[in-house]
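Please read the structure below before turning to the comments.
Proteins get letters first, then strands, A, B, ... in listed order; numbering begins at 1 in each.
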Amino acid sequence: MHRVLLRRLEGGHVEARDRTDDGAPAGVARLGPGELAGYVAERERAGVRWVWDDTTRWYPALLASGVRVERCTDLRLGHAVLRRSPFLDRALLTGPDTPGWDALAPAEPGDAALFPLTDPADALDPGAEEDRQRAAVAASPQRGRLALLLAAESSGALAAAEMTATGLPWRADVHERLLTELLGPRPAPGLRPRELERLAGEVRAELAAPDLNPDSPAEVLRALQAAGLAVADTRSWTLERIDHPAVPPLLEYKRLARLLSANGWAWLDTWARDGRFRPTFLPGGVVTGRWASSGGGALSVPTLVRPAAVADEGRRLVVADVAQLEPRVLAGMSGDTAMAEAARAADLYEGMVAGGAVATRAEAKLGILGAMYGGTRGESGRMLPRLARRYPRAISLVEEAARAGERGEVVSTLLGRGSPPPTGAWAQRPLDLGEAPEETGPRADRDRDRRAWGRFTRNFVVQGTGAEWALCWLADLRNRLWRLGEGPLEQRPHLVFFLHDEVVVDTPEELAGAVVEEVHRSAGVAGRLLFGTFGVDFPLDVAVVRSWADAG
DNA sequence: GCAATACGCGCC
DNA sequence: AAAGGGCGCGTATTGC
């Protein structure tokens, strides 16, 4: 299959340079302004891999022209992975414009001009960068894993752009009805909705603080303390333990005020235009490899407003999520057969109980989450020795990652994404071995920072490998969905939302059953891509629904 | 006056 | 002995 390298030229022209599989030159085309979409659509028929500096700089405009591409190489994302990978000889990746690639940021939706003249990307040579990346990967002892990671990352970039382009169907009328029921009618600008005003009045009366602004944590804290309550902050879980008549209306106020500010009428005006919610997804936006997002708070769409995500007439949403992704990934990457055995159950925590490791599901969950996050206080800490006996390989993997982080070393995901090197002052000093710990002072601060970094690297290996599993799942599913349908992307079954371990597919009603099958098949493919023949199950909860809220 | 930071809370 | 990972976003508050 040919690789076609696209490069922006002056005046809106584009150069398309063909290479054969083994890298030999195979022709070059110069395209005038406006000719790109037609050219790409034509070349897609035979199948090519597009090589470009950055998907966010090319693909949105192609999608807007109705052109979908099958595969690409995203050099920006590839560079970001490879420059940090411990599996790689960094010298092979270094070239004259490496600092430019290091600094390259994704284009933002506002930069809608297809070829901004001042784009720093235009100073970079994509052909040279592709050569360096391929040479560096080919020389790596882990070239297979790295190649998989780069392919998945590029595929994810395509999926991300497609999800923004098609959008998640969003019924403003349903959302508005929900707001009115909970908050009262939409207030004039600057005024509180009726229900918030009522609750604020109750809180003021109960605290004998007639001028209290319940939106000010500092004021609320002072008022609570003046009422004789021993609280140090105003967080909900702190207040929940306080027995005082001001607390219930205050908690309700906070809940509804949160809804208003995060997903109220202003959110609707800004983000639910034309019946679609279109956040920007940022593949690789988190150091662990998870996606970040911007616009509309896509990473935290509250369950409270999910009833407004409703498929169009004649269509359905297929909502699928993985049960306990990260513990399953930990079982796979550590090769822990006992934990993989527990993962054979649809509920991994019940599987742990059945395997005799712990007595209850709650203990299993606490213990595993503590092992992955580094929480060892209280009950999760008491679970750890038992888990370590029953699941020695899994537990030692995360413990080793924590110790490596505390030593200032870099850790890696299964496919080779490296953790960032530590920057804190503690990292410049060796471990204070054999010295008595201190309660306070600079060394106590360093120890605390060191342990915090260990918790980060402990979690990095699991969260990052979980992100790799999810990315493979997403990439394989994307291709399967395309083959299920006909016509333009938005008419076929297509991804509309992705959140760490959950996908939402928008599909014609009659294809929903087929989509469910493909979602399961993709999960199987992802498991085999990462863990080969070491059997770890990744069971899915899948629902075919009209509204997102009806899933799970 | 605007920009940066802190707080709090939603999601996984 | 103590030890809870990753985000985005809106409001209030602080800093310049």
For A:Val301, which contact category applies under a 4.0 Å heavy-atom criterion: base, sugar-phosphate, or nothing? sugar-phosphate
To the nearest angstrom, how far is [X] atom [atom1] from [N] atom [atom2]?
| X | N | atom1 | atom2 | value |
| --- | --- | --- | --- | --- |
| A:Trp453 | C:dA3 | CH2 | C1' | 17 Å |
| A:Leu251 | B:dG8 | CG | P | 13 Å |
| A:Phe460 | B:dC12 | CZ | P | 22 Å |
| A:Leu250 | B:dC9 | CG | P | 9 Å |
| A:Arg451 | C:dG4 | CZ | P | 9 Å |
| A:Leu221 | B:dA6 | CG | P | 17 Å |
| A:Asp541 | B:dC12 | CG | P | 13 Å |
| A:Leu499 | B:dG10 | CG | C1' | 11 Å |

Quote, to the nearest angstrom, the C1' distance that separates C:dG4 from B:dC12. 15 Å
It should be established whether [X] places a side-chain nitrogen or oxygen under 4.0 Å from OP1 or OP2 of nucleotide [N].
| X | N | value |
| --- | --- | --- |
| A:Lys254 | B:dC9 | yes |
| A:Arg235 | B:dG8 | yes |
| A:Arg455 | C:dG5 | yes |

Is there a side-chain contact between A:Val319 and A:Val542 in this structure, where contact means two heavy atoms from C-beta onward sitting under 4.5 Å apart? no
Reported [atom1]-to-[atom2] distance for the pair [X] and [Y], which is rounded to 0.5 angstrom:
| X | Y | atom1 | atom2 | value |
| --- | --- | --- | --- | --- |
| A:Arg84 | A:His79 | CZ | NE2 | 10.5 Å |
| A:Arg478 | A:Leu495 | CZ | CG | 8.5 Å |
| A:Leu259 | A:Trp267 | CG | CH2 | 11.0 Å |
| A:Leu104 | A:Thr56 | CG | OG1 | 7.5 Å |

With under 30° as parallel and over 60° as perpendicular, where do the rings of A:Trp453 and A:Trp426 fit, or are they tilted in between? tilted
Name the orientation class of the two ring planes belonging to A:Phe456 and A:Phe460 (parallel below 30°, tilted from 30 to 60°, perpendicular beyond 60°). perpendicular
Assert yes or no for the condition that the ring centre distance of A:Trp473 to A:Phe498 is strictly below 6.0 Å. no
Counting Watson-Crick and G-U wobble pairs whose two distances are both under 3.5 Å, find the runs of 3 or more in a row that involve DNA chain B. B:1-12 with C:5-16
Any donor-acceptor pair under 3.5 Å from A:Arg306 side chain to A:Val301 backbone: yes
Scan nucleotides 6-16 of chain C nucleotide by nucleotide, 5' to 3', and note B when protein non-hydrogen atoms come under 4.0 Å of the base, S if they reach only the sugar-phosphate, - if neither. BSBSS-SS---
With the stacking rule set at 5.5 Å and 30°, tell me whether A:Tyr373 counts as stacking on C:dG5. yes
